[in-house]
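For reference, the structure discussed in these notes is given below.
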Amino acid sequence: MSEDRQPDLQILLVEDDSFDARHFKRLLSRSGVPARCEVYATPHDALAHLAAAPPPRVDILFLDMNLPGMSGIEFLEACVTQFGVPLSCRVIPMLSVPLMASDEARLKTLLGDFQTLAKPFDQQELLQILR
């Protein structure tokens with residue numbers, strides 16, 4: 001009798017701050033949730049990854065909203081432009097400051113209802129999102 005094993009959660013982290021990226025991965029590894037995490041420091045590299053053939057499986061995209069050269073919102077709009085549809089994975093905007101009302105409205109248009117992850121990252125908040 002073999003035990004069915006759930007596939008690892010596939011996470012894409014788009015974060016330009018190397019400290020925040022290491023901290024996120026450390027919390028993820030301590031969470032006990034079986035997951036694989038790919039990290040991209042630039043939105044352009046993350047877009048290239050998503051455009052690969054065959055398309056990569058991504059279950060959750062954790063997206064820094066303050067990226068250099070392209071905001072998180074602009075990244076999501078570029079995904080719609082490049083792929084013709086919004087991303088099919090769950091998208092979690094990561095915030096170091098609260099969203100302005102206009103940005104919140106744009107995100108709601110792109111994502112529908114959404115949950116955010118505050119910086120600095122908190123283990124319990126991350127666990128709630130992963131489960």
Side-chain angles (χ1 to χ4, degrees):
M1 191 164 43
S2 69
E3 183 178 317
D4 286 341
R5 185 177 173 289
Q6 289 285 7
D8 289 348
L9 193 60
Q10 301 296 312
I11 294 173
L12 179 61
L13 173 63
V14 184
E15 172 60 70
D16 64 304
D17 185 291
S18 61
F19 175 82
D20 284 344
R22 283 192 312 272
H23 182 59
F24 179 93
K25 288 188 78 169
R26 189 171 28 256
L27 291 178
L28 180 62
S29 70
R30 291 179 185 166
S31 74
V33 174
R36 291 184 187 186
C37 182
E38 292 209 39
V39 180
Y40 289 91
T42 72
H44 301 288
D45 289 344
L47 279 171
H49 171 73
L50 291 170
R57 179 181 137 213
V58 177
D59 299 311
I60 305 176
L61 167 64
F62 287 89
L63 179 62
D64 183 5
M65 297 309 295
N66 296 311
L67 295 163
M70 181 186 297
S71 73
I73 292 172
E74 291 167 335
F75 173 85
L76 293 171
E77 290 169 339
C79 287
V80 171
T81 300
Q82 186 165 341
F83 308 120
V85 293
L87 293 172
S88 60
C89 64
R90 187 170 171 209
V91 178
I92 306 295
M94 299 184 307
L95 307 169
S96 49
V97 295
L99 285 170
M100 295 187 324
S102 59
D103 289 340
E104 189 170 345
R106 286 172 71 191
L107 278 175
K108 193 158 183 83
T109 299
L110 290 162
L111 302 175
D113 290 330
F114 63 93
Q115 183 176 3
T116 61
L117 179 61
K119 291 181 179 185
F121 307 123
D122 174 77
Q123 179 83 40
Q124 292 304 316
E125 189 178 4
L126 181 59
L127 272 173
Q128 288 174 352
I129 292 169
L130 295 174
R131 297 188 174 184

One should read off an interatomic distance between Leu111 CG and Arg90 CZ, to the nearest 0.5 angstrom, of 11.0 Å

Minimal heavy-atom distance between Cys37 and Lys25, with the atoms involved, is O-NZ, 3.8 Å

Going hydrophobic residue to hydrophobic residue with side-chain gaps under 4.5 angstrom, can you get from Leu130 over to Val14?
no

| request: Mind telling me whether His23 and Phe121 have parallel, tilted or perpendicular rings, with 30° and 60° as the class edges? | output: parallel

Between Ala35 and Leu28 the two heavy atoms that sit nearest each other are CB-CD1, 4.0 Å

Taking the side chain as everything from C-beta on, heavy atoms only, tell me whether Thr42 gets closer than 4.5 Å to Met70. no

Distance col, row Leu107:CG vs Asp113:CG, nearest 0.5 angstrom, shows 12.0 Å

Identify all side-chain donor-acceptor contacts of residues 54-62 below 3.5 Å with residues at least two apart in sequence or on another chain.
| unit_1 | atom_1 | unit_2 | atom_2 | d |
| --- | --- | --- | --- | --- |
| Arg57 | NE | Asp59 | OD1 | 3.3 |
| Arg57 | NE | Asp59 | OD2 | 3.3 |
| Arg57 | NH2 | Asp8 | O | 2.7 |
| Arg57 | NH2 | Asp59 | OD2 | 2.7 |
| Asp59 | OD2 | Gln10 | N | 2.8 |

dist Met65:CE -> Leu99:CG (nearest 0.5 Å) comes out at 6.0 Å

Would you say Leu126 ends up clustered with Met94 if hydrophobic residues are merged whenever their side chains have heavy atoms under 4.5 Å apart, either directly or through other cluster members? yes

> Do Phe24 and Ile92 belong together in a cluster built from hydrophobic side chains that touch within less than 4.5 Å?
Replying inline: yes

message = Less than 4.0 angstrom from a charged side-chain N to a carboxylate O is my criterion; do Lys119 and Asp17 meet it?
response = no

Check: So if you build clusters from Ile, Leu, Val, Met, Phe, Trp, Tyr with side-chain heavy-atom gaps below 4.5 Å, do Leu50 and Ile11 land together?
Finding: no

Please answer: with hydrophobic residues joined when any side-chain heavy atoms are less than 4.5 Å apart, are Leu95 and Leu110 in the same cluster? yes

Tabulate below the donor-acceptor pairs under 3.5 Å that side-chain atoms of residues 71-83 make, not counting sequence neighbours, or state none.
| unit_1 | atom_1 | unit_2 | atom_2 | d |
| --- | --- | --- | --- | --- |
| Ser71 | OG | Ile73 | N | 3.4 |
| Ser71 | OG | Glu74 | N | 3.0 |
| Glu74 | OE1 | Ser71 | N | 2.7 |
| Glu77 | OE1 | Arg106 | NH2 | 3.0 |
| Glu77 | OE2 | Arg106 | NE | 3.4 |
| Glu77 | OE2 | Arg106 | NH2 | 3.0 |
| Thr81 | OG1 | Glu77 | O | 3.1 |

Value for CG (Asp122) from CG (Leu117), rounded to nearest 0.5 Å, stands at 8.5 Å

Correct closest heavy-atom pair for Val91 and Leu87 would be CG2-CD1, 4.3 Å

Those residues at least two apart in sequence (or on a different chain) that pass side chain to side chain contact (heavy atoms under 4.5 Å, CB included) with Ala21 are Leu13, Glu15, Val39

_Quick check against the 3.5 Å criterion: does Arg131 have a side-chain atom that pairs as donor or acceptor with the backbone of Val33?_
no

Report task. State whether the side chain of Gln123 and the backbone N or O of Leu27 hold a donor-acceptor pair below 3.5 Å, judged by distance alone. Result -> yes

